[in-house]
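What follows is a short report on a single structure.
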Amino acid sequence: RRFWGWLNAVFNKVDYERIQAVGPDRAASEWLLRCGALVRYQGYQKWQQDYNGLPTGPLGKYKIEAINATDSCIMYRGFDYLDGLEHVTEIKLQKCIYIQDECLQRLSETKNLQKSLLQLKIISCGNVTDKGIIALHRLMNLEYLYLSDLPGIREKETTVHVLQQALPNLELELDLE
């Protein structure tokens, strides 16, 4: 168990030189796929899941539009890869054992995501609490938020109220006990 935690931490280590060399979208794609997530590029329907099959082409040709991190090992230390992404409109975090409040706070503080992110789904991430969900209020263009199976959410009404006050246009769908 400890070995996998160490390995996942290695997969999440940010390589700033790589971001400079290949651009933020390519570097983030490599990180996400290494950690078991999927990415979809602007103008494409198919999800990219094969690290070795990452598309090549001119620098900056492939812009990440969507991230599906279901069952992935992404964790806070890798979130610097998200900073340069300007076209991400949707993110799905499902069964991500390393996702915690700090990750959602970091996500909501990412300037580009504050502008571009429209849809967010957080499902079965056991380390997420009200504090992390409330932090999402900074995602000013968020149109849709789906929350399901989050046992750490204890103050559902308060959390929902804070989000609805901060984001009046947000469609909030809840499947919480």
Side-chain angles (χ1 to χ4, degrees), residues 1-128 132 136 139 141-142 144-150:
R1 182 93 182 136
R2 181 176 289 152
F3 171 75
W4 292 112
W6 171 83
L7 187 62
N8 292 333
V10 169
F11 283 165
N12 278 277
K13 187 175 188 305
V14 179
D15 183 344
Y16 298 98
E17 288 176 12
R18 183 75 179 150
I19 295 170
Q20 286 292 333
V22 299
D25 288 273
R26 174 66 187 215
S29 295
E30 292 172 357
W31 165 60
L32 289 161
L33 295 180
R34 225 180 10 250
C35 291
L38 310 175
V39 295
R40 194 179 70 229
Y41 299 108
Q42 229 177 11
Y44 293 85
Q45 295 301 310
K46 189 174 162 283
W47 286 91
Q48 181 67 41
Q49 58 187 20
D50 178 14
Y51 183 89
N52 294 318
L54 272 169
T56 55
L59 199 62
K61 178 180 178 188
Y62 295 93
K63 302 288 185 191
I64 297 176
E65 181 177 58
I67 297 168
N68 181 343
T70 300
D71 288 318
S72 73
C73 70
I74 65 169
M75 61 178 65
Y76 182 85
R77 71 182 300 185
F79 273 51
D80 283 6
Y81 279 113
L82 300 174
D83 287 341
L85 304 182
E86 298 179 4
H87 302 89
V88 177
T89 59
E90 59 184 270
I91 296 176
K92 181 179 183 181
L93 303 171
Q94 182 170 351
K95 297 182 188 169
C96 300
I97 61 172
Y98 299 109
I99 293 295
Q100 55 206 22
D101 293 341
E102 293 78 14
C103 298
L104 299 182
Q105 287 170 314
R106 177 72 172 82
L107 193 76
S108 69
E109 291 166 359
T110 304
K111 295 287 182 225
N112 287 328
L113 292 179
Q114 287 177 348
K115 294 181 201 134
S116 71
L117 193 62
L118 303 176
Q119 291 184 31
L120 179 59
K121 296 178 182 176
I122 306 170
I123 304 160
S124 303
C125 295
N127 296 319
V128 170
L136 300 175
L139 297 169
N141 289 319
L142 196 62
Y144 178 77
L145 177 61
Y146 178 74
L147 304 174
S148 176
D149 186 27
L150 300 172

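Residues take their numbers from the sequence shown, with the count starting at 1. All of these numbers come straight from a predicted model, not from anything done at the bench.
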Should [X] and [Y] count as side-chain neighbours, where that means a heavy-atom distance under 4.5 Å?
{"X": "Lys13", "Y": "Arg77", "value": "yes"}
{"X": "Trp31", "Y": "Ile74", "value": "yes"}
{"X": "Ile122", "Y": "Ile99", "value": "no"}
{"X": "Asn12", "Y": "Cys73", "value": "yes"}
{"X": "Asp101", "Y": "Val128", "value": "yes"}
{"X": "Lys121", "Y": "Tyr144", "value": "yes"}

*Taking atom CD of Gln42 as the centre, report whether more than 12 heavy atoms of other residues, nucleotides or ligands fall under 6.0 Å from it.*
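Atom CD in Gln42 is packed in, count exceeds 12.
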*With sequence neighbours excluded, residues passing side chain to side chain donor-acceptor pair (under 3.5 Å) with Gln105*: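 Result, side chain to side chain donor-acceptor pair (under 3.5 Å) vs Gln105: none returned.
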Taking all heavy atoms of [X] and all of [Y], pick out the closest pair and write down the distance.
{"X": "Lys92", "Y": "Ile123", "value": "CE-CD1, 4.1 Å"}
{"X": "Leu113", "Y": "Leu107", "value": "CD1-CD1, 3.6 Å"}
{"X": "Ser116", "Y": "Glu86", "value": "CB-O, 3.5 Å"}
{"X": "Leu82", "Y": "Thr110", "value": "O-CG2, 3.8 Å"}
{"X": "Val22", "Y": "Ala27", "value": "CG2-N, 3.8 Å"}

*Hey, are Tyr41 and Asp25 close enough side-chain-wise for a donor-acceptor pair under 3.5 Å?*
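No pair is found: no donor N or O on one side chain lies under 3.5 Å from an acceptor on the other.
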Is there a donor-acceptor contact under 3.5 Å from the side chain of [X] to the main chain of [Y]?
{"X": "Glu17", "Y": "Ile19", "answer": "no"}
{"X": "Asn112", "Y": "Asp83", "answer": "yes"}
{"X": "Tyr98", "Y": "Asn127", "answer": "no"}

How long is the span from the [atom1] atom in [X] to the [atom2] atom in [Y], to the nearest 0.5 Å?
{"X": "Lys95", "Y": "Cys125", "atom1": "NZ", "atom2": "SG", "result": "10.5 Å"}
{"X": "Leu33", "Y": "Leu38", "atom1": "CG", "atom2": "CG", "result": "7.5 Å"}
{"X": "Leu139", "Y": "Leu145", "atom1": "CG", "atom2": "CG", "result": "9.0 Å"}
{"X": "Ser29", "Y": "Arg40", "atom1": "OG", "atom2": "CZ", "result": "13.0 Å"}
{"X": "Ile91", "Y": "Ile67", "atom1": "CD1", "atom2": "CD1", "result": "4.5 Å"}
{"X": "Leu104", "Y": "Phe79", "atom1": "CG", "atom2": "CZ", "result": "7.0 Å"}

*Could you list the residues that satisfy ring pair (Phe, Tyr, Trp, His ring centres under 6.0 Å) with Tyr44, not counting sequence neighbours?*
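Ring pair (Phe, Tyr, Trp, His ring centres under 6.0 Å) check on Tyr44 returns Tyr62.
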*Is Arg106 salt-bridged to Glu102, going by a charged N under 4.0 Å from an acidic O?*
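Salt bridge between Arg106 and Glu102, a charged N being under 4.0 Å from a carboxylate O: no.
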